[in-house]
Amino acid sequence: MKSAFFCLALSISLHAGGLKFEDALQEAEASLETTEVTREFPFTNQESKPIRIRNADAGCTCVAVEFLKSQSTYAAGESGVMRVTFKIQNFQGTVDKKVLIWLDGDPDDQPSSFATLRIHIPTAVKLEPKTLNWMLGSPTDTKIMRVTFHPDQAASVINTTSSSENFSTEIVTVEKGKIYDIRVTPKTTNTPALCILGIETDFKIETFRKQQGFARIVNPATAP
């Protein structure tokens with residue numbers, strides 16, 4: 001795996017009392033080959049009494065949170081380090097992962113502090129638009145979902161699948177190795193429907209090879 005270089009800026013937004021982090025928002029620039037990012041958040045117990053961390057949660061299985069030395073209780077003025085690891089998987093674009101931290105005595109709906117890890121991930125495979133919409137009862141016109149690959153990685157769309165027999169797909173090469181159109185056509189628009197479009201590519205990096213788009217038939221009265 002190639003080395004990834006990160007530009008970092010860190011800050012934290014806190015409620016009164018509890019843990020005091022040195023900074024606030026961590027921003028990182030990742031490469032296409034980056035698989036995970038690990039950063040350490042130093043903090044200090046700013047209370048005049050010991051505190052105990054009872055939970056730290058980012059709300060996503062893609063984020064692991066640990067406290068160095070497996071320590072959860074900190075004396076007044078004592079410092080510690082929270083380590084946050086984010087697995088990039090097939091995320092693309094700018095991703096924010098906020099770690100909420102509860103101390104003993106914190107209400108379940110009000111953590112004492114939080115830290116945010118923000119990662120800027122290159123867009124390996126872009127779908128535009130990601131969702132194709134037809135209005136209920138409208139003509140069964142063909143609509144196009146354009147697939148564009150990262151300029152540094154030539155690739156092709158090699159197959160498409162549809163979760164619904166009502167939608168057919170066709171792959172059209174716009175610029176070989178760079179841009180492809182997925183032509184999607186419904187057989188009928190008489191019934192509301194949601195279809196998952198599977199897009200298989202030969203992209204060099206495996207995690208980005210399979211993409212998902214959507215085709216919908218929506219009722220104008222309920223459409224957002």
Do the side chains of [Y] and [X] get nearer than 4.5 Å, heavy atoms only?
| X | Y | answer |
| --- | --- | --- |
| Leu197 | Thr160 | no |
| Leu19 | Ser112 | no |
| Thr207 | Ile88 | no |
| Ser156 | Tyr180 | yes |
| Glu47 | Leu103 | no |
| Phe149 | Thr201 | yes |
| Val65 | Asp57 | no |
| Val84 | Lys97 | no |

Which distance, rounded to the nearest 0.5 Å, do you find between the [atom1] of [X] and the [atom2] of [Y]?
| X | Y | atom1 | atom2 | answer |
| --- | --- | --- | --- | --- |
| Thr85 | Glu66 | OG1 | CD | 6.5 Å |
| Ser113 | Gln46 | OG | CD | 9.0 Å |
| Thr148 | Ile179 | OG1 | CD1 | 5.0 Å |
| Ile51 | Ile101 | CD1 | CD1 | 9.5 Å |
| Thr191 | Asn219 | OG1 | CG | 11.0 Å |
| Gln211 | Leu127 | CD | CG | 5.5 Å |

- Message: List the residues meeting side chain to side chain donor-acceptor pair (under 3.5 Å) with Asp202, not counting sequence neighbours, and say none if there are none.
- Response: none
Is it true that [X] and [Y] fall in one hydrophobic cluster, defined by side-chain heavy atoms closer than 4.5 Å?
| X | Y | answer |
| --- | --- | --- |
| Phe67 | Leu117 | yes |
| Phe167 | Val157 | yes |
| Phe91 | Val99 | yes |
| Phe208 | Phe86 | no |
| Val63 | Phe43 | yes |

Please report the closest heavy-atom contact between [X] and [Y], naming both atoms and the distance.
| X | Y | answer |
| --- | --- | --- |
| Glu40 | Val81 | CB-CG1, 3.5 Å |
| Cys195 | Ser162 | SG-OG, 3.1 Å |
| Ala76 | Ser48 | CB-C, 3.5 Å |
| Lys187 | Thr140 | O-CG2, 3.6 Å |
| Ile119 | Ala30 | CG2-CB, 4.1 Å |

State which residues pass side-chain contact (heavy atoms from CB on, under 4.5 Å) with [X]; sequence neighbours excluded, sorted by chain then number.
| X | result |
| --- | --- |
| Glu165 | none |
| Ile196 | Ser163, Gln212, Phe214 |
| Ser138 | Trp134, Met135, Thr189 |

- Message: Quick one: does any side-chain atom of Arg209 pair with a main-chain N or O of Phe203 as donor and acceptor, under 3.5 Å?
- Response: yes
- Is the backbone of Pro111 close enough, under 3.5 Å, to the side chain of Asp106 for a donor and an acceptor to pair up by distance? no
- Passes salt bridge (Lys or Arg N to Asp or Glu O under 4.0 Å), Glu128 versus Lys126? Steps please. CA-CA 6 Å; Glu128 191 174 26; Lys126 182 180 181 181; 3.7 Å; yes
- Message: Checking Asn166 against Ile217 for the side chain to side chain contact (heavy atoms under 4.5 Å, CB included) test, could you report, in this order, the C-alpha distance in whole Å, the side-chain angles of both residues, the deciding distance, and whether it holds?
- Response: CA-CA 10 Å; Asn166 187 47; Ile217 299 172; 3.6 Å; yes
- Item | Audit row: Leu32, Lys204, side chain to side chain contact (heavy atoms under 4.5 Å, CB included) steps and yes/no | CA-CA 10 Å; Leu32 282 173; Lys204 178 181 176 181; over 6 Å; no
- According to the salt bridge (charged side-chain N to carboxylate O under 4.0 Å, His left out) rule, which pairs have a member within residues 143-159, sequence neighbours left out? Arg146-Asp181
- Message: Listing request: all side-chain hydrogen bond (donor to acceptor under 3.5 Å, both in side chains) pairs with a residue in residues 86-95, at least two apart in sequence or in separate chains.
- Response: Thr94-His120
